[in-house]
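Here is the structure we will look at.
First the proteins, then the strands, lettered A, B, ... as listed; each starts at 1. Just so it is clear, the values below take in all heavy atoms, side chains as well, and ignore hydrogens, waters and symmetry mates. Given the structure is predicted, the values throughout are model-derived calculations rather than measurements.
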There are 2 protein chains.
Amino acid sequence: MPATIRDVARLAGVSPSTVSRALSMPEMVNAATRARVAAAVEQLGYQPNRAARGLITGRTGNIGLVVPDLANPFFASVTKGVQARARRSDTAVFVADTDEDVTAEVGLVRALSKQVDGLILCSPRSGDADLCAIAQDTNVVLVNRTAAGIPGITYDNEEGMRQAVAHLVALGHRRLAWVGGPVTSWSTQHRGIGLENAVADHGVELSRVGHFGPTYEGGMAAADQVVASGATAVITYNDLVAIGLLARLHARGISVPGDLSVVGVDDIAMSRMARPALTTVRLPKQEAGRIAVELLLALLDDPDSTVDTRGTLHGELIVRDSTGPAASP
Amino acid sequence: MPATIRDVARLAGVSPSTVSRALSMPEMVNAATRARVAAAVEQLGYQPNRAARGLITGRTGNIGLVVPDLANPFFASVTKGVQARARRSDTAVFVADTDEDVTAEVGLVRALSKQVDGLILCSPRSGDADLCAIAQDTNVVLVNRTAAGIPGITYDNEEGMRQAVAHLVALGHRRLAWVGGPVTSWSTQHRGIGLENAVADHGVELSRVGHFGPTYEGGMAAADQVVASGATAVITYNDLVAIGLLARLHARGISVPGDLSVVGVDDIAMSRMARPALTTVRLPKQEAGRIAVELLLALLDDPDSTVDTRGTLHGELIVRDSTGPAASP
DNA sequence: GTGAAAGCGCTAACAT
DNA sequence: ATGTTAGCGCTTTCAC
């Protein structure tokens, strides 16, 4: 049986409320008593029961994180970031993996929302309406997505795409291809828009090659269409897709970057390990997790702040071996 | 404000205790009243406050999972398995990433232990003494590790190594090398032992090449020592190490499997994507997570069961392109 | 089969 | 500055 606040109070010769105060508002209690309480706490190894505290304060000290797929290194990194930052604020993190299932997402969120002070939704696939409904009665922070009135942290996708296009154009490429991710993905939409603008600015062509899963398999599936498009360089939804693409191209005997240059997005650890090593737009992943927690914590302290609580992170082009000069026609 | 049990009681025209019973012991309440309660619950969207319930039942309905590094695909998979199984039992999962820091591990565990019904410790780096101390006042299940009196799920490392060695010997290899993982890793010790036995059985040689981090970098670092050992085939602590090794070998112009065959352990997604695709011992990862949850749940239902609560999972050799016949001397 | 009352461990008024 | 009281939302005796 773990020690309760009464045990501590008895041992220190004070009342439970004094113990409570000594712990949560130390400056409101006499230094001498505070010391006695501290000693008792120490001796008993007392740790307040957070559930009981939450019952009365309305705050649990827990947050929830919902991700589409933990096996995707991108989300694993974001999770690490969330985790690390939360720990520093003595906050525990519930993690829920929806397995890319939109239906599960809504249900999971509802189940979790009762036990946490707030929720971080990472790349939610749900529609805006659902999201807003959730944000109605829960504190929510979005990662990789915006929705009216909900705070969140996103990447500047447009800018990232501009960097990728500038790089390829400088290498002499005039016909680019874009392999889109999941249709419902906010990122895929914004990357598409950024790309559109960037190619317009540079006066080069862009073929859009459908929507594919954000996976290695997605990339394998996309490869042949990319080749058929006649592009000399391709930008993919993310690194996983790019690596799948690389595999299929290799199997078909198409040389990268000789015949085709490939650019990914994310810079997951695997990208350095690919052969050829993947040129990519690095997204600060743990950073996003960290900031999401900070946004959420701020929201909790000041529930109806009208301050704009939006953050934007920038990608950084990492040039490796999968991009090279366009073959002269 | 979310609905409370009283709201439901009032709406259904019964007492709170009846609502409580209708929800947790349906057969003890009249079918008619049960229906009325159900309707009220539905109408109000009532969800019991688990913290309040936990306060009295002593069970939170939450479990904790501690892993060394979520960015390692192995642990990401185990986490997914835990997650999926827990959800089916309506149990939420706190995830804590220790960042491979032994010191953090003990602290994290203590912090978490108060808010959960039990803890799953995945590949704990802590010593046996610490582990037993923790298991003293918390329900603990170990993954990838055994300790006296603590239930757990492990892989049959010996058997996995036997498969790997048999494969290599069949290919004509007589001089093998082993790249060990972290010194404190239970798995690395047992794989070492299994290897020792296997090579003895087959009458072949084994060079042990130090201890390295369980990472890509670890593999890069190990490569030159492996080559210097004169072995024609190498087995590494895990796939990440094998892939790092592959990279360094490629850089040095050493052909795989022509000059050196390479076998990993885990079968993470990345292994298929390596070039050459990695021969490896597949470990059922999500399975381990699933079973860990089941072990824990069983432990909770029957706190001092004397039943042996140990599980063992078996690896499966997956032969891909990184292993081939030994070069004839 | 159902209700009334007590209390889980804690904090927040309210007294003192 | 400290103690007393009440009560967070729920379950669980114990009556009826």
Side-chain angles (χ1 to χ4, degrees), chain A residues 1-41 44-62 90 92 111 113-117 137 300, chain B residues 1-41 44-62 90 92 111 113-117 137 300:
Chain A
M1 267 302 86
T4 79
I5 200 170
R6 284 178 209 263
D7 299 328
V8 177
R10 205 172 309 130
L11 183 59
V14 296
S15 82
S17 14
T18 302
V19 176
S20 175
R21 275 188 287 256
L23 264 48
S24 27
M25 332 137 96
E27 67 287 347
M28 288 196 58
V29 50
N30 193 314
T33 25
R34 197 193 312 155
R36 290 222 310 287
V37 170
V41 164
L44 263 37
Y46 170 72
Q47 287 199 260
N49 179 326
R50 304 183 99 185
R53 173 184 292 175
L55 206 50
I56 180 152
T57 61
R59 286 190 49 168
T60 62
N62 302 327
D90 204 37
S113 66
K114 302 295 168 193
Q115 329 192 43
V116 299
D117 298 332
D137 40 37
L300 297 180
Chain B
M1 267 305 85
T4 78
I5 200 170
R6 282 177 210 261
D7 300 328
V8 177
R10 205 171 310 131
L11 183 59
V14 296
S15 80
S17 10
T18 303
V19 176
S20 174
R21 275 187 287 255
L23 264 48
S24 27
M25 331 137 96
E27 68 286 346
M28 287 195 59
V29 50
N30 194 314
T33 21
R34 197 193 312 158
R36 288 223 310 290
V37 169
V41 164
L44 264 37
Y46 170 73
Q47 287 198 262
N49 179 326
R50 302 183 99 183
R53 172 184 291 175
L55 205 51
I56 180 153
T57 61
R59 285 190 49 166
T60 62
N62 301 327
D90 203 37
S113 65
K114 301 296 168 191
Q115 331 191 40
V116 298
D117 298 332
D137 39 38
L300 297 180

Protein heavy-atom contacts under 4.0 Å, written 5' to 3' over nucleotides 7-16 of chain C as B (base), S (sugar-phosphate only) or - (none), form the string BBBSBBB---
Between B:L55 and A:A52 the two heavy atoms that sit nearest each other are CD1-CB, 3.6 Å
inquiry  = Between A:R21 and A:M28 (side chain of the first, backbone of the second, donor and acceptor by atom type, cut-off under 3.5 Å), is there such a pair?
reply    = no
Atom CG of B:D7 and atom P of D:dC8 are separated, to the nearest Å, by 11 Å
Nearest heavy-atom approach of B:R50 to B:N62 is NH1-OD1, 4.2 Å
Contact under 4.0 Å: A:T18 side-chain N or O vs D:dT2 OP1/OP2 = no
Quiz item: Would you say A:D117's side chain and A:G61's backbone share a donor-acceptor pair under 3.5 angstrom?
Solution: yes
Is it the case that over 12 heavy atoms from other parts of the model lie below 6.0 angstrom from the CZ atom of A:R6? no
If only side-chain N and O atoms of B:T33 are considered, is one of them under 4.0 Å from the OP1 or OP2 phosphate oxygen of C:dT2?
yes
